[in-house]
Number of protein chains: 2
Amino acid sequence: MSAPRETATQTISYSDLVALLAQVFLRHGTSAEVARVLAENCASAERDGAHSHGVFRIPGYVSTLASGWVDGKAIPVVEDVASGFVRVDAGNGFAQPALAAARALLLEKARSAGIAVLAIRNSHHFAALWPDVEPFAYQGLVALSVVNSMTCVVPHGAERPLFGTNPIAFAAPRAGGDPIVFDLATSAMAHGDVQIAAREGRSLPPGVGVDREGRPTCDPKAILDGGALLPFGGHKGSALSMMVELLAAALTGGNFSFEFDWSKHPGAKTPWTGQLIIVIDPAKSAGRDFAERSQTLVSQMQGVGLQRLPGDRRHRQRAESLREGIVLAVSDLQQLRALAGQ
Amino acid sequence: MSAPRETATQTISYSDLVALLAQVFLRHGTSAEVARVLAENCASAERDGAHSHGVFRIPGYVSTLASGWVDGKAIPVVEDVASGFVRVDAGNGFAQPALAAARALLLEKARSAGIAVLAIRNSHHFAALWPDVEPFAYQGLVALSVVNSMTCVVPHGAERPLFGTNPIAFAAPRAGGDPIVFDLATSAMAHGDVQIAAREGRSLPPGVGVDREGRPTCDPKAILDGGALLPFGGHKGSALSMMVELLAAALTGGNFSFEFDWSKHPGAKTPWTGQLIIVIDPAKSAGRDFAERSQTLVSQMQGVGLQRLPGDRRHRQRAESLREGIVLAVSDLQQLRALAGQ
């Protein structure tokens with residue numbers, strides 16, 4: 001789901017979209033709390049123009065819940081391990097409710113210890129990663145998160161896929177402006193963007209992926225049909241992807257991207273892995289106020305000719321969506337309403 | 001300095017090289033402690049085949065010390081800020097002695113809190129970054145470090161340079177083998193490698209840099225002579241480079257890569273910035289032993305056809321150097337001995 005320009009569209013307010021998506025989740029077997037968290041997450045992505053992680057994901061969530069692969073009613077178990085270390089067993093549920101359950105403790109530890117880590121395991125992450133870090137920046141904290149996913153990326157120098165798209169997200173406060181936020185797949189392209197290109201019949205730039213024989217291809221369908229993605233930036237992106245496997249899986253107690261078997265759950269789409277979030281309190285830093293310093297960096301970046309900061313497009317789209325509503329294809333909205341039982 | 005294949009060479013043992021380099025540092029104005037730390041650091045790089053950060057760096061260290069830009073006798077001031085946060089004011093000295101001074105406290109905090117951060121400011125880093133993280137992995141800990149440097153990289157989408165080469169280094173323990181270690185410049189190439197290419201008259205692959213007019217060039221001299229490097233991996237590498245500025249400078253109280261002015265110190269080569277190190281204790285993780293898990297990942301990477309792990313080449317070269325000695329050009333060895341006053 002997403003709205004190609006030539007199709008008929010309709011606008012919906014952010015809060016109405018959240019309510020509609022919450023109904024979809026509830027109707028397909030989640031608890032009210034999980035429905036609330038996932039609906040806000042998914043509607044936020046759509047609101048911010050991150051279409052590959054917006055309502056486009058809903059059919060995947062629905063088929064996954066129907067398959068019995070994920071527990072939509074799981075209650076996360078939060079463990080207070082040390083003054084800077086929180087663990088959560090997501091209980092084969094989604095990662096976002098696990099973060100929500102541990103968030104207050106993580107914040108308290110970060111402010112007290114200066115840095116804290118949240119290790120989520122036994123969790124499914126099927127969303128954009130920036131919504132997990134951005135709120136910390138609005139609270140004056142610096143946050144970094146990594147999540148591994150499912151085998152679809154060939155390590156640089158290898159022959160067959162092993163890593164997931166393994167994104168890294170970062171958020172930092174900025175004085176007098178939106179936080180600095182980025183969310184980058186360590187693959188040459190995010191999996192959702194390949195799916196969208198396939199659906200729209202677009203070809204991809206060179207260097208994104210290989211076909212099932214391991215040959216370079218620009219055809220998104222060949223990548224999805226037994227082929228694989230490549231890491232971004234050659235051996236460097238590949239090293240970062242490996243780091244994400246170690247931090248998000250080995251350090252949390254979660255599965256590596258190649259360790260889960262969903263073959264008995266047709267329709268399952270959500271990787272069953274782990275997620276790590278590191279939060280740092282810049283109030284513990286020496287020198288001038290961090291948010292003032294990050295604004296200095298931004299000014300200098302603009303001074304050397306940078307037109308658009310990481311996160312800028314999302315923040316602009318967000319403002320527009322909140323002002324004028326979120327634009328969806330009429331057919332997508334109809335499908336969402338049908339899924340919600342309306 | 002480094003040994004092109006056609007030149008006459010001589011071998012020297014690691015411990016003799018450390019002693020020789022320590023004499024060079026001492027004779028050019030460092031304290032005995034700083035000489036010891038920098039000599040071990042630089043000899044380690046040479047021993048491991050990391051020539052761009054080995055004895056090649058010595059003339060730069062010497063001219064910098066002579067210029068009065070850095071304080072070779074600085075005594076780092078360690079501040080115990082919170083249960084997971086250590087700060088060091090390096091006192092306009094080198095970063096490695098600052099790390100050495102804070103190391104025991106950082107380790108104690110990481111083991112107790114589960115995670116700890118070391119924020120070094122007012123420091124000069126002119127070396128490889130992996131030697132700063134690798135020792136933590138040998139002690140069973142996971143370590144991540146970033147350091148910013150000096151303006152020489154054009155942010156993706158900008159017109160003029162702003163960022164430093166801003167490397168990211170990572171180390172993690174592995175059962176039954178050397179740790180997994182990488183150290184990657186967020187520029188398309190490390191500055192030292194551009195310098196070596198210029199000296200050897202080699203041209204660079206496309207995408208590495210631009211000349212002083214901002215035009216793409218493969219000539220390393222054009223990059224060094226008023227030109228600039230590009231980030232690796234387009235906007236993603238650029239975002240990571242920006243993150244390094246924020247973590248290594250804004251969060252430590254150090255200078256951004258564009259904030260120091262060494263024009264009054266001819267011969268100065270060492271960036272005067274900051275460095276951040278995050279250390280995590282995987283013993284706090286849920287599930288199986290971390291080092292066993294990282295070995296599982298390595299086996300799987302080899303299983304999909306990976307021939308060489310990040311860090312492998314360094315570990316192999318290290319073993320060879322310790323067995324057979326470190327090979328240096330005779331002319332380089334003579335120069336080092338002259339600098340040591342022998």
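Numbers restart at 1 for each chain; the letters A, B, ... are given by sequence-line order, proteins then strands. These figures come from a predicted structure and were not determined experimentally.
- The contact between Pro310(A) and chain B is made entirely by side chain atoms (from C-beta outward), counting heavy-atom distances below 4.5 Å.
- Ranked by heavy-atom pairs shorter than 4.5 Å toward chain A, the options Leu309(B), Val154(B), Val81(B), Leu144(B) are led by Val81(B).
- Only the side chain of Glu259(A) comes within less than 4.5 Å of a heavy atom in chain B; its backbone stays farther off.
- With rounding to the nearest 0.5 Å, the separation of NZ in Lys236(A) from CD1 in Ile168(B) is 9.5 Å.
- Closest heavy-atom contact between Ala113(A) and Ala82(B): O-CB, 3.4 Å.
- Counting heavy atoms from C-beta outward, Leu297(B) and Phe258(A) have side chains that approach closer than 4.5 Å.
- Summarising the geometry of Val304(B) relative to Pro161(A), their closest heavy-atom pair is CG1-O, 3.7 Å, with the distance given to 0.1 Å.
- Among all heavy-atom pairs drawn from Gly84(A) and Ile115(B), the shortest one is O-CG2, 3.2 Å.
- Of residues 286-296 of chain A, those residues lying under 4.5 Å from chain B by any heavy-atom pair are Ala286(A), Phe290(A), Arg293(A), Ser294(A), Thr296(A).
- Only the backbone of Asp281(A) comes within contact range of chain B, judged by heavy atoms closer than 4.5 Å.
- The number of heavy-atom neighbours closer than 6.0 Å to CZ of Arg313(B), taken from other residues, nucleotides and ligands shown, is 12 or below.
- Residue with the most contacts toward chain B among Gly233(A), Gly274(A), Gly253(A), Ala158(A): Ala158(A) (heavy-atom pairs, distance under 4.5 Å).
- Atoms OG and CE, on Ser238(A) and Met301(B) in that order, are 6.0 Å from each other to the nearest 0.5 Å.
- Neither the backbone nor the side chain of Ala110(B) comes within less than 4.5 Å of any heavy atom in chain A.
- When each of Gly207(A), Ser83(A), Ser112(A) is checked for heavy-atom pairs under 4.5 Å with chain B, Ser83(A) comes out on top.
- In terms of non-hydrogen atom pairs under 4.5 Å with chain B, the most contact-rich of Gly157(A), Pro282(A), Ala239(A) is Ala239(A).
- In this structure, chain B has no heavy atom under 4.5 Å from any part of Pro231(A).
- When the candidates Gly254(A), Ala185(A), Ala119(A) are compared by the number of heavy-atom contacts under 4.5 Å with chain B, Ala185(A) comes out ahead.
- Going from atom CZ of Phe170(B) over to atom CE of Met242(A) covers 6.5 Å, rounded to the nearest 0.5 Å.
- The minimum heavy-atom distance linking Ala172(A) with Leu246(B) is given by the pair CB-CD1, 4.2 Å.
- Ile280(B) is listed as a side-chain neighbour of Ile278(A), based on a closest heavy-atom distance under 4.5 Å.
- Annotation: cation-pi geometry not satisfied between Lys284(A) and Phe85(B) (NZ/CZ under 6.0 angstrom from ring centroid, within 45° of ring axis).
- Only the backbone of His156(B) has a heavy atom closer than 4.5 Å to any heavy atom of chain A.
- Interface remark: Val142(B) contributes side-chain atoms only to the contact with chain A (heavy atom separation under 4.5 Å).
- Smallest separation of non-hydrogen atoms from Leu306(B) and Pro155(A): CD1-CB, 4.3 Å.
- In this structure, the portions of Phe256(B) lying under 4.5 Å from any heavy atom of chain A include both its backbone and its side chain.
- Contact count versus chain A (heavy atoms, under 4.5 Å) is highest, among His235(B), Gln300(B), Glu159(B), Glu245(B), for Gln300(B).
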